[in-house]
Visitor: 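Here it is: the structure, laid out below.
Quick note on labels: first sequence line is chain A, next is B, and so on, each numbered from 1.
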There are 2 protein chains.
Amino acid sequence: MSEPTIYEVAKEAGVSAATVSRAINGRDRISETTRQKVFDACAKLGFSASKTASMLRTGKTNRIALTVGNSLAGWFSSQLAEGVYSVLASQGYDLLSYRLANADQRRDFFSSMPVKRNADAVIISSFDISETERRTLEQLGMPVIGVNTIGLTEQRDMISIGVDEIIAMRQTVHQLAGLGHRNIAFICKQQDSNGFIWEADQRIEGFRLGMAAEGLNLPDGYIIAVQDNEFAGAEALSSLLALSPRPTAVCCISDENAIPLVHALRSYGFRVPEDISVIGFDDWPMAQALNISTVRHDPRSYGALAADAAIRLSRGEILTESCIVVPTTLMLRGTTGPAPRD
Amino acid sequence: MSEPTIYEVAKEAGVSAATVSRAINGRDRISETTRQKVFDACAKLGFSASKTASMLRTGKTNRIALTVGNSLAGWFSSQLAEGVYSVLASQGYDLLSYRLANADQRRDFFSSMPVKRNADAVIISSFDISETERRTLEQLGMPVIGVNTIGLTEQRDMISIGVDEIIAMRQTVHQLAGLGHRNIAFICKQQDSNGFIWEADQRIEGFRLGMAAEGLNLPDGYIIAVQDNEFAGAEALSSLLALSPRPTAVCCISDENAIPLVHALRSYGFRVPEDISVIGFDDWPMAQALNISTVRHDPRSYGALAADAAIRLSRGEILTESCIVVPTTLMLRGTTGPAPRD
DNA sequence: CTGAAAGCGCTTACAG
DNA sequence: CTGAAAGCGCTTACAG
C-alpha cells in the first residue's frame, strides 16, 4: 500500500498540486470552495503530507531536539520531556530525544551533529555547553535553549530557563538558620562529571554561599557525597554520625537523597525533625506522600517554556527575555523543625 | 552558512555525485583511490549527507517512534525510553516520542498518523490497540511492537515484549499464601481508562486468579482503588481498617502505592511486617532504598528488546518469536513476613 | 568501477 | 485565486 501523494489528492479534487499544498498549509489565500474540495479529497484518500518532502523543500523539519545529560529516565528529565512534548504536540511539532551521557557521546554529538537538518532547534538540559559548541550550533542556524543552566550561561548569548539554584539553596539555608540550626550538613550524590558542568554544582555552591551569608561555620566533612545505590541512606547516616559537631539539620541536594536518609535516621531511632531536620529538593510526588520537607520546582513548566521558545526562535522570532527564572517554593513539611536545645 | 551538498563534494573530489554517494554509503564497490579522494573532500568541506534527502529517496527515515499512554514522565515510560534510546543510538536511529493520553489524542494520532513516513516502526507501550488501529499501521507498512501488552494481544499478529502480569501477580499471591496469609487485600490507583485497556487491568486480574488458585476468599471491598494524590497512603489505610476480616497482607499494584501505604501504617503505629505485610510492584530505586518488598521487572530491557525488534522489522527481517516474555523477580525485603498468629 | 539522469514528494516564486 | 515548473539533496537503476 503506497501512500497517496499530493498529486493524487490534486487529481481527486480537480485542482493542481500547488493548490492542494496551499489549502493544507493555509497561509495563502484560497477560495472557500476549493479549500473544501481539497479537504474532502484528503479525507477520502487519507492523505497527510510527507514531512520529509516538505522539509527538503523548506528546510524546516517541525522537529525539536531535546538533549539531556545523564539519562532520559529520572524525574527531572522525564518531567521536562513531558512539558516539552505538551507544547510541541499542540503546535504540530515532533519531539526528538538525545542523551549525552559522557564526554564521548558528547563529542560524537557535536561532530556528527545528528540534529543538523533534522531539527529546528535544540533544548539542552542541565548541563553547560562550551562556547565553541554553542557556536557550532549557531553556524548551522540552530537555536539553542538551555534549561536549568542559569548561572552556567550568564555570559553566553543563549536563552536559559529554570530556577536559580543558588538563590534556592541560599533560601533553604536561611530558613534552617531561622529555625535555630547552626550546624547544617549537606548531602549530595557522587557524580563523575565526564567533562560536564551540572546544575548540581550550582546547588552546592548555593549551599556554601548560604552558610556564609548566615555567618555559619562549615567544618570539613560537612559536605558529604554518597554513592548512588541502595545503601545511600545508610552511608549518609554513618557519615553524619561521624561529624563533630553533630549537625542538627541536613540539606539534601535532592529528594532522592532526603527520602532514604529520613528512613535511615528513623530506622536507627532518631526522631525527625525533633533530633535532626532534613530537607530535600525537587518535591517528588513521593516527598509529598512521605511528608518530607523540600524545595519545590516544576521541570514540566520549564519544558513548556523551553519548547515555546524553541518554536519561536526557529521561526525567526526574536525573544526579548534571554533568561527566564522560575521561582522555587519552600515546602516545609514533617521533616524540619526547630533546632534541638542542648 | 549553508551546508555543502554532495555536488560540491563531487566537484572537490573530481568525481560525480553518484560516486560520492557510493563512497559514503559503502555498499557498492568502489576503487580505493576514489574512495580516498571522496573522503578527503568530505573532510575538507565538513560534509555530512542530509538525512532528509536520502529519506525522501529511499523511504527509510532511520527513526523509531515510541508511543506511550498516560505520560512521558513516570518511572516505567522513562526507563523504557532509555532502553529504546540506547539501542537506537548505537544503530544511528533517532527516537521520536508521542503521548496518547486520552481517547481524543488517540483518535487524532490514528487519523492524522504523524508517524507516517516519519518513522520506520512504532513501539506501543502499556496499552492495547484495536485490531483496526493495528491494521491501519500495517497498511502503511509500519511494523508495530507492543511493550507490556502481553495477554492483551495474544490473538493479534503483533510482536509483544514484557512481563506476564498475570503470572507475576499469581506468584505474589502464592508467596503471601505460603507465609500463612489468608486475608489479602489489593490496592490500586483509580484510573479512568479513557477507552484504553491497560496492563494494570491485567495485574488486578492476576491477583484475582491468584487468590482463586490458592483457594482464598476475596470478600467485597478487598480490592481498593485509591486516588492518585498525596493522601493515597492515608486513604488506603483507612479503607483497609474498615475491612472485615482485617487483611494481614496487602498486595499493591505498584511501588507508588506501596511506599506511602507502608509509611501511613507505620505512622499510625502498625508494625510492618509483624502486624501486616505489604508488597509492591516494579522495584523502584526508592523501594530498594526503603527496604520495601516488591516484584522486580526491568522496563529498560524491554525497551532495548523492542528497539531491536523495531529496527529489524523495519529492515524487512522476519522475527521468529512473536512474544517475548521477560521474567519477574520477587524481591522479599523488609515489609513482608509471616502472617500474625491470632 | 563510474557517470548521466530520473525521481522521491513536496513548496514557492513567477505568471496569469 | 490558481497553475506550470523548477528545485530541495540525495540514491539508484541503467548504461558504459
Visitor: Does a side-chain N or O from T5(A) land closer than 4.0 Å to OP1 or OP2 of dG9(C), or not?
Guide: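 So the side-chain polar atoms of T5(A) never come under 4.0 Å of the phosphate oxygens OP1 or OP2 of dG9(C).
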
Visitor: Less than 4.0 angstrom between a side-chain N/O of S31(B) and OP1 or OP2 of dT2(C), yes or no?
Guide: yes

Visitor: Please report the distance, rounded to the nearest Å, between CD1 in I6(A) and C1' in dG7(C).
Guide: 16 Å

Visitor: Could you check how far OH of Y7(B) sits from C1' of dT11(D), rounded to whole Å?
Guide: 10 Å

Visitor: Tell me whether E8(B) is salt-bridged to K11(B), with the criterion being a basic N under 4.0 Å from an acidic carboxylate O.
Guide: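 No, E8(B) and K11(B) are not salt-bridged.
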
Visitor: Whole angstroms only, please: what is the CD1-P distance between I24(A) and dT12(C)?
Guide: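 The answer, rounded to whole Å, is 13 Å.
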
Visitor: Given that F47(A) and T33(B) both sit by DNA chain C, which one's nearest nucleotide is further toward the 5' end?
Guide: T33(B)

Visitor: Does any donor-acceptor pair link the side chain of R22(A) with the base of dG3(D) at a separation under 3.5 Å?
Guide: yes

Visitor: Is S16(B) close enough to dG3(C) that one of its side-chain N or O atoms is under 4.0 Å from OP1 or OP2 there?
Guide: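 Yes, S16(B) has a side-chain N/O under 4.0 Å of OP1/OP2 on dG3(C).
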
Visitor: Starting at NZ of K11(A) and ending at C1' of dG9(C), how long is that distance when rounded to a whole Å?
Guide: 16 Å

Visitor: Would you mind checking if D94(A) and K51(A) are paired as a salt bridge, meaning a charged N to carboxylate O distance below 4.0 Å?
Guide: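 A salt bridge links K51(A) with D94(A).
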
Visitor: Hey, which of these two, A53(A) or T19(A), hits DNA chain C nearer its 5' end, going by closest nucleotide?
Guide: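 So the residue in question is A53(A).
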
Visitor: Would you please confirm or rule out a distance under 4.0 Å between OP1 or OP2 of dC10(C) and any side-chain N or O of S54(A)?
Guide: no

Visitor: Do the side chain of T19(B) and the main chain of V15(B) share a donor and acceptor less than 3.5 angstrom apart?
Guide: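 No, because the side chain of T19(B) does not come within donor-acceptor range (under 3.5 Å) of the backbone of V15(B).
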
Visitor: Does the S77(A) side chain pair with the main chain of G74(A), one donor and one acceptor, at a distance under 3.5 Å?
Guide: no

Visitor: Would you please confirm or rule out a distance under 4.0 Å between OP1 or OP2 of dT2(D) and any side-chain N or O of T34(A)?
Guide: yes

Visitor: Counting only side-chain heavy atoms from C-beta out, which of dT2(D), dT12(D), dC10(C) sits nearest to A18(B)?
Guide: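 My answer, after comparing the listed nucleotides, is dT12(D).
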
Visitor: Just compare dT11(C), dT11(D), dT2(D) and give me whichever is closest to any side-chain atom of S21(B).
Guide: dT11(D)

Visitor: Quick one: does any side-chain atom of E317(B) pair with a main-chain N or O of L313(B) as donor and acceptor, under 3.5 Å?
Guide: no

Visitor: Give, for atom CG of L95(A) and atom OG of S86(A), the distance between the pair rounded to the nearest 0.5 Å.
Guide: 10.5 Å

Visitor: According to a 3.5 Å limit on both distances, what stems of 3 or more consecutive Watson-Crick or G-U pairs are formed with DNA chain D?
Guide: C:1-3 with D:14-16, C:5-12 with D:5-12, C:14-16 with D:1-3

Visitor: Rounded to whole angstrom units, what separation is found between the CE atom of M55(B) and the P atom of dC10(C)?
Guide: 16 Å

Visitor: Between dT12(D) and dG16(D), how far apart are the C1' atoms? Round to whole Å, please.
Guide: 16 Å

Visitor: May I ask you to say whether D40(B) pairs ionically with K44(B), meaning some side-chain N is under 4.0 Å from a carboxylate O?
Guide: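 Judged by the 4.0 Å cut-off on N to carboxylate O distance, D40(B) and K44(B) do not form a salt bridge.
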
Visitor: Of all the nucleotides listed (dG9(D), dG3(D), dT2(C)), which has the minimum atom distance to the side chain of L56(A)?
Guide: dG9(D)

Visitor: Touch check for T52(A), heavy atoms < 4.0 angstrom, all strands: base, sugar-phosphate only, or nothing?
Guide: nothing

Visitor: For R57(A) and dT11(C), give me the distance from atom CZ to atom C1', rounded to whole Å.
Guide: 5 Å

Visitor: Within this structure, what is the CG-to-P distance between N62(A) and dC10(C), rounded to whole angstrom?
Guide: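 It is 14 Å, rounded to the nearest whole Å.
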
Visitor: In whole angstrom, what separates N118(A)'s CG from dC10(D)'s C1'?
Guide: 15 Å

